[in-house]
**Student:** 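My structure is below; once you've seen it, I'll send some questions.
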Amino acid sequence: MYRDRLDAARRLAKALAHLKGVKPLVLAIPRGGVPMGRVIADALEGELDVVLVRKIGAPGNPEFAIGAVSEDGSVHLEEESRRCRQEWLAREIARQRELIDERRRLYTPVRSPIDPAGRVVVVVDDGSATGATMAAALATLRQRDPARLIAAIGVAPPDTLARFKALADEVVCPEAPARFAAVGHFFADFGQVEDNEVVRLLAEDAS
């Protein structure tokens, strides 16, 4: 479906071309969303930052999201989380909060996060299966009073996109296959994005 994340980003940038001229704030979900966010921000002449949200993976199946933790400390749990032991869930939430703090210190060590208030905000990720991470990001950002909130995803199933439409002013997703297993199945190249690449891409706005 896509050659790689950059291919997906170019398609999203084309679909978002109507935002050029308003200097949108592109907030990428690390790590996979950051290379895409860089392409989109450059194409739309906007700014790039990250929105730090960590998935809570199911016990024994960490790729299946049962919730997410946002940078502001809020926790967003899916129905499946009720099957988990509360002690385990509390430990996992605390661990993900620590990882969020570590990533912020690593990614933007010399500046604060860019304030989304009053901005046209585009939240970018390479793909979404259950939608837990993107939904948490959108819910958190809505509380920060953006002028407009847009979800931009490379690939997601139709029911997940329907969920986003209740949280965002606009949802852009070029591919919405009904049969969905994992995000990586829709990319010929879905290599891991490392932290040093995220740091480099974020630093380009400051250079």
Side-chain angles (χ1 to χ4, degrees), residues 12 15-16 19 22 24-34 36-37 40-41 46-58 62-84 86 89-90 92-104 107-108 112-173 176 180 183 198:
L12 282 168
L16 293 164
L19 300 180
V22 303
L25 174 58
V26 178
L27 296 178
I29 296 177
R31 287 177 290 194
V34 179
M36 295 177 61
I40 293 168
E47 288 184 281
L48 176 67
D49 201 352
V50 288
V51 53
L52 294 179
V53 183
R54 291 284 302 177
K55 174 173 63 179
I56 302 172
E63 292 305 310
F64 183 80
I66 59 169
V69 180
S70 300
E71 187 172 11
D72 65 359
S74 58
V75 179
H76 309 262
L77 296 175
E78 304 290 299
E79 187 73 23
E80 293 83 358
S81 68
R82 295 185 179 182
R83 302 174 190 157
C84 301
Q86 291 304 302
L89 190 57
E92 187 62 15
I93 289 170
R95 187 174 76 88
Q96 296 302 338
R97 281 175 170 158
E98 289 177 3
L99 288 170
I100 285 174
D101 290 342
E102 288 175 8
R103 282 192 167 181
R104 177 57 74 182
Y107 293 164
T108 56
S112 300
I114 300 174
D115 188 356
R119 302 284 300 271
V120 174
V121 175
V122 182
V123 186
V124 177
D125 204 1
D126 46 23
S128 187
T130 68
T133 305
M134 175 63 80
L138 293 171
T140 298
L141 289 165
R142 179 63 78 188
Q143 298 175 23
R144 303 284 303 279
D145 296 321
R148 187 167 177 79
L149 186 58
I150 300 164
I153 315 103
V155 59
D159 56 342
T160 295
L161 293 177
R163 177 182 185 182
F164 298 156
K165 288 175 182 176
L167 297 168
D169 299 306
E170 182 180 351
V171 178
V172 179
C173 184
F180 199 100
V183 172
V198 173

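Each residue takes its place number in the sequence, starting with 1. As a basis for the values below, the full set of heavy atoms in this structure was taken, side chains included, without hydrogen atoms, waters or symmetry mates. Computed from a prediction, not measured in an experiment: that's the story for all the values here.
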**Student:** Are Ile150 and Leu19 packed together at the side-chain level, in the sense that at least one heavy-atom pair is separated by less than 4.5 angstrom?
**Tutor:**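 Result yes, sub-4.5 Å side-chain heavy-atom pair found.
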**Student:** Check the pair Arg163 / Glu78 against salt bridge (Lys or Arg N to Asp or Glu O under 4.0 Å), numbers first and verdict last.
**Tutor:** CA-CA 12 Å; Arg163 177 182 185 182; Glu78 304 290 299; 2.6 Å; yes
**Student:** On a heavy-atom basis, which atom in Ala28 and which in Gly33 lie closest, and how many Å separate them?
**Tutor:**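 So the two residues come closest at CB-O, 3.3 Å.
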**Student:** Does any non-hydrogen side-chain atom of Leu167 lie less than 4.5 Å from one of Arg142?
**Tutor:**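 A side-chain contact under 4.5 Å is absent here.
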**Student:** Would you call Glu92 and Arg95 a salt bridge, taking side-chain N to carboxylate O under 4.0 Å as the test?
**Tutor:**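 So Glu92 pairs with Arg95 through a salt bridge.
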**Student:** Are side-chain heavy atoms of Val171 and Ile153 found at a separation under 4.5 Å?
**Tutor:**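 With C-beta onward as the side chain, the pair touches.
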**Student:** To the nearest 0.5 Å, how far apart are CG in Asp125 and CE in Met36?
**Tutor:**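 So the CG of Asp125 and the CE of Met36 are separated by 7.5 Å.
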**Student:** Which heavy atom of Ala152 sits nearest a heavy atom of Met134, and at what distance?
**Tutor:** O-CE, 4.2 Å
**Student:** Mind checking the CG-OG spacing from Leu141 to Ser70? Nearest 0.5 Å is all I need.
**Tutor:**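 Those atoms lie 8.0 Å apart.
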**Student:** Main chain of Val69, side chain of Arg97: is a donor-acceptor contact present, judged purely on distance under 3.5 Å?
**Tutor:**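 Not confirmed, Arg97 side chain does not pair with Val69 backbone.
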**Student:** Can you tell me how far OG of Ser81 sits from CD of Gln86, rounded to the nearest 0.5 angstrom?
**Tutor:** 7.5 Å
**Student:** Side chains of Cys173 and Phe164: does their closest heavy-atom pair fall under 4.5 Å?
**Tutor:**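 Cys173 vs Phe164: side chains apart.
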**Student:** How close do Ala156 and Phe180 get, heavy atom to heavy atom, and via which atoms?
**Tutor:** CA-CE1, 3.7 Å
**Student:** Between Val50 and Arg104, what is the shortest heavy-atom contact and its length?
**Tutor:**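 Smallest heavy-atom distance, with atoms named: O-NH2, 3.3 Å.
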**Student:** Can you tell me how far CG of Leu25 sits from CZ of Arg144, rounded to the nearest 0.5 angstrom?
**Tutor:**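 These two atoms lie 10.0 Å from each other.
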**Student:** Closer than 3.5 angstrom, by distance alone: can the side chain of Asp169 be matched with the main-chain N or O of Leu149 as a donor-acceptor pair?
**Tutor:** yes
**Student:** Apply salt bridge (Lys or Arg N to Asp or Glu O under 4.0 Å) to Glu79 and Arg82, showing your working.
**Tutor:** CA-CA 6 Å; Glu79 187 73 23; Arg82 295 185 179 182; 3.3 Å; yes
**Student:** Would a 4.5 Å heavy-atom cut-off, applied to side chains only, mark Val172 and Val122 as touching?
**Tutor:** no
**Student:** Between Asp49 and Glu47, is there a side-chain heavy-atom distance shorter than 4.5 Å?
**Tutor:**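 No, too far: nothing below the 4.5 Å cut-off.
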**Student:** Could you pull out the closest heavy-atom pair between Ser128 and Val183, with the gap in Å?
**Tutor:** N-CG2, 3.6 Å
**Student:** Main chain of Ala129, side chain of Thr160: is a donor-acceptor contact present, judged purely on distance under 3.5 Å?
**Tutor:**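 Here the side-chain-to-backbone pair exists.
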**Student:** Taking atom CG of Leu52 and atom CG of Leu27, what is their separation to the nearest 0.5 Å?
**Tutor:**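 Leu52 atom CG to Leu27 atom CG measures 9.5 Å (nearest 0.5 Å).
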**Student:** Closest approach of Leu12 and Gly154, non-hydrogen atoms and distance?
**Tutor:** CD1-N, 4.0 Å
**Student:** Does some side-chain heavy atom of Ile114 sit less than 4.5 Å from a side-chain heavy atom of Arg119?
**Tutor:** yes
**Student:** What is the distance from atom CD1 of Ile56 to atom CD of Gln96, rounded to the nearest 0.5 Å?
**Tutor:**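 These two atoms lie 6.5 Å from each other.
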**Student:** Do Glu71 and Thr140 touch side chain to side chain, with heavy atoms closer than 4.5 Å?
**Tutor:**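 No, too far: nothing below the 4.5 Å cut-off.
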